Asks: 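Questions regarding the structure given below will be posed in turn.
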2 protein chains.
Amino acid sequence: MRLSKKTDYALRVLFTLVEHHGRGPIPIRELARRNDVPKRFLEHIMLEMKARGWVDSSPGKQGGYVLAKEPARITMGEVIRQFDGVLAPIGCVSVAHYERCNQEAVCRFRRILLDARNYVARLMDRATLAMVFLGAPVQTREVFAQEFSAGDGI
Amino acid sequence: MRLSKKTDYALRVLFTLVEHHGRGPIPIRELARRNDVPKRFLEHIMLEMKARGWVDSSPGKQGGYVLAKEPARITMGEVIRQFDGVLAPIGCVSVAHYERCNQEAVCRFRRILLDARNYVARLMDRATLAMVFLGAPVQTREVFAQEFSAGDGI
DNA sequence: TAATCTACGACTAAATCAATCGTATTTCAT
DNA sequence: ATGAAATACGATTGATTTAGTCGTAGATTA
């Protein structure tokens with residue numbers, strides 16, 4: 001059930017870039033220092049984020065990284081899926097990477113894992129960097145309760 | 001965010017034992033076959049569950065494993081914590097295994113991870129084997145919403 | 001007394017994680 | 001021009017975790 005260091009580091013850095021949005025590039029050295037992330041490790045993470053189009057880079061003096069998308073258009077769910085591969089606790093309740101399980105027909109606890117998966121996925125997919133940065137409530141339980149009682153089956 | 005095979009296997013077997021509760025021991029061989037779990041691997045899992053007092057064993061012919069506690073007194077949360085160690089997505093929001101993070105004061109996304117952790121922990125800690133076996137609703141979102149608006153801080 | 005169980009430590013193969021290193025390439029201030 | 005400062009990126013590594021297997025000892029009972 002754990003988040004990898006990569007995801008943790010990526011999120012830390014993204015929020016630093018959100019904070020600095022529109023005020024020029026920040027070099028990896030600085031991103032690493034400010035977020036307590038190993039610099040050489042961060043290089044790979046930044047590359048991956050650039051490939052995803054979340055950040056952009058410029059080399060040379062005065063170079064560094066900037067956010068390439070609006071903070072409201074990147075979600076924590078995307079970041080976690082990028083670096084951890086999957087959000088669901090087990091393959092048989094994953095939407096993005098469903099894996100058939102031959103016990104599925106008789107499994108008693110799949111419902112519960114699906115419940116957990118659904119809550120977390122909704123939460124993370126609504127958590128845009130912009131909202132989280134501002135500390136705005138991402139998902140009130142009231143809203144979630146309404147949606148749920150509207151029914152989403154299994 | 002993933003459940004280990006050990007936890008998955010342990011849960012499968014526990015529900016088989018719940019189903020058979022009060023009708024004598026089932027040998028590992030049978031538990032393994034019915035739940036599609038490697039038998040030699042399951043031995044270790046059963047030992048660990050015996051140490052926790054969830055199951056009891058008898059050797060010899062007609063031997064095997066039985067549930068040692070009422071199904072209403074074992075929760076999925078306990079099982080997951082036993083085999084996966086922790087329920088929280090990251091150390092800084094774990095109750096059972098809290099780890100200090102020096103970014104905590106400035107971290108923007110801790111709230112969200114805490115929200116996820118709280119929902120999942122509540123869900124799993126309420127999910128007794130008895131209720132899950134019966135397919136009874138473990139945690140209505142309405143109830144959760146009320147509790148939340150009552151306030152639980154960070 | 002032999003078949004059938006559990007008990008339990010030793011071992012291992014493979015995957016994943018969390019990096020580090022070397023080096024190439026691009027850019028820009030001077 | 002040129003050198004300092006930055007990104008680009010593949011190769012490698014060490015540690016840990018995962019997911020088992022194996023051998024054998026010991027208990028029970030038909």
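If you're wondering where the values come from, they're calculated on a predicted model, not measured in any experiment. Here is how names work: the chains are called A, B, and so on, in the same order as the sequence lines, proteins then strands, and each is numbered from 1. For the numbers below, each heavy atom of this structure counts, side chains included, while hydrogens, waters and symmetry mates do not.
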Asks: Starting at the 5' end of nucleotides 23-30 of chain C, put B wherever the base has a protein heavy atom under 4.0 Å, S where only the sugar-phosphate does, and a dash everywhere else.
Replies: B--BBSS-
Asks: Can you list, pair by pair, the side-chain donor-acceptor contacts under 3.5 Å of residues 77-94 of chain A, counting residues two or more places apart and other chains?
Replies:
{"residue": "A:Glu78", "atom": "OE1", "partner": "A:Thr75", "partner atom": "N", "Å": "2.8"}
{"residue": "A:Glu78", "atom": "OE1", "partner": "A:Thr75", "partner atom": "OG1", "Å": "3.4"}
{"residue": "A:Arg81", "atom": "NH1", "partner": "A:Asp125", "partner atom": "OD1", "Å": "2.9"}
{"residue": "A:Arg81", "atom": "NH2", "partner": "A:Asp125", "partner atom": "OD2", "Å": "3.1"}
{"residue": "A:Gln82", "atom": "OE1", "partner": "A:Arg52", "partner atom": "NH1", "Å": "2.8"}
{"residue": "A:Gln82", "atom": "NE2", "partner": "A:Glu48", "partner atom": "OE2", "Å": "3.2"}
{"residue": "A:Asp84", "atom": "OD1", "partner": "A:Ser4", "partner atom": "N", "Å": "3.4"}
{"residue": "A:Asp84", "atom": "OD1", "partner": "A:Ser4", "partner atom": "OG", "Å": "2.5"}
{"residue": "A:Asp84", "atom": "OD1", "partner": "A:Thr7", "partner atom": "OG1", "Å": "3.0"}
{"residue": "A:Asp84", "atom": "OD2", "partner": "A:Ser4", "partner atom": "N", "Å": "3.2"}
{"residue": "A:Ser94", "atom": "OG", "partner": "A:His97", "partner atom": "N", "Å": "2.8"}

Asks: Under the side chain to side chain contact (heavy atoms under 4.5 Å, CB included) test, which residues partner B:Lys61, sequence neighbours left out?
Replies: none
Asks: Under 4.0 Å: is that the gap between some side-chain N or O of A:Ser57 and OP1 or OP2 of D:dA6?
Replies: no
Asks: Side-chain N or O of A:Lys5 less than 4.0 angstrom from OP1 or OP2 on C:dA19?
Replies: no
Asks: Considering only distance and modelled atom types, tabulate donor-acceptor pairs under 3.5 Å from the side chains of residues 100-107 of chain A, sequence neighbours left out.
Replies:
{"residue": "A:Asn102", "atom": "ND2", "partner": "B:Asp36", "partner atom": "OD2", "Å": "3.1"}
{"residue": "A:Glu104", "atom": "OE1", "partner": "A:Tyr98", "partner atom": "OH", "Å": "2.8"}
{"residue": "A:Glu104", "atom": "OE2", "partner": "A:Tyr98", "partner atom": "OH", "Å": "3.2"}

Asks: Report, one pair per line, the protein and nucleotides 13-17 of chain D atoms (nitrogen or oxygen only) whose separation is under 3.5 Å.
Replies:
none

Asks: For B:Phe15, what residues pass the ring-ring contact (aromatic ring centres under 6.0 Å, His included) criterion, not counting sequence neighbours?
Replies: A:Phe109
Asks: Who pairs with A:Ala130 by side chain to side chain contact (heavy atoms under 4.5 Å, CB included), at least two apart in sequence or on another chain?
Replies: A:Pro71, A:Ala72, A:Thr128
Asks: Distance check needed: D:dA8 P versus A:Met49 CE, whole Å only.
Replies: 12 Å
Asks: What integer distance in Å separates B:Leu47:CG from C:dC5:C1'?
Replies: 13 Å
Asks: Please list, by residue number, the residues of residues 8-36 of chain A whose heavy atoms come closer than 4.0 Å to an atom of DNA chain D; answer none if no residue qualifies.
Replies: A:Pro27, A:Ile28, A:Arg29
Asks: Any side-chain N or O of B:Lys50 less than 4.0 Å from the OP1 or OP2 oxygen of C:dA7?
Replies: yes
Asks: Throw together a table of side-chain donor-acceptor distances under 3.5 angstrom for residues 23-30 of chain A, partners on residues two or more places apart or in other chains.
Replies:
{"residue": "A:Arg23", "atom": "NH2", "partner": "A:Glu19", "partner atom": "O", "Å": "3.4"}
{"residue": "A:Glu30", "atom": "OE1", "partner": "A:Arg33", "partner atom": "NE", "Å": "3.4"}
{"residue": "A:Glu30", "atom": "OE2", "partner": "A:Arg33", "partner atom": "NH2", "Å": "2.7"}

Asks: Can you list the residues that meet the salt bridge (charged side-chain N to carboxylate O under 4.0 Å, His left out) rule with B:Glu70, with sequence neighbours excluded?
Replies: none
Asks: Go through the structure and list residues passing side chain to side chain contact (heavy atoms under 4.5 Å, CB included) with B:Pro38, not counting sequence neighbours.
Replies: B:Tyr9, B:Phe41
Asks: Going by the side chain to side chain contact (heavy atoms under 4.5 Å, CB included) test, name the single residue among A:Leu17, A:Leu14, A:Leu67 that passes it with A:Met49.
Replies: A:Leu14
Asks: Identify, with sequence neighbours excluded, every residue that meets side-chain hydrogen bond (donor to acceptor under 3.5 Å, both in side chains) alongside A:Lys50.
Replies: A:Ser57
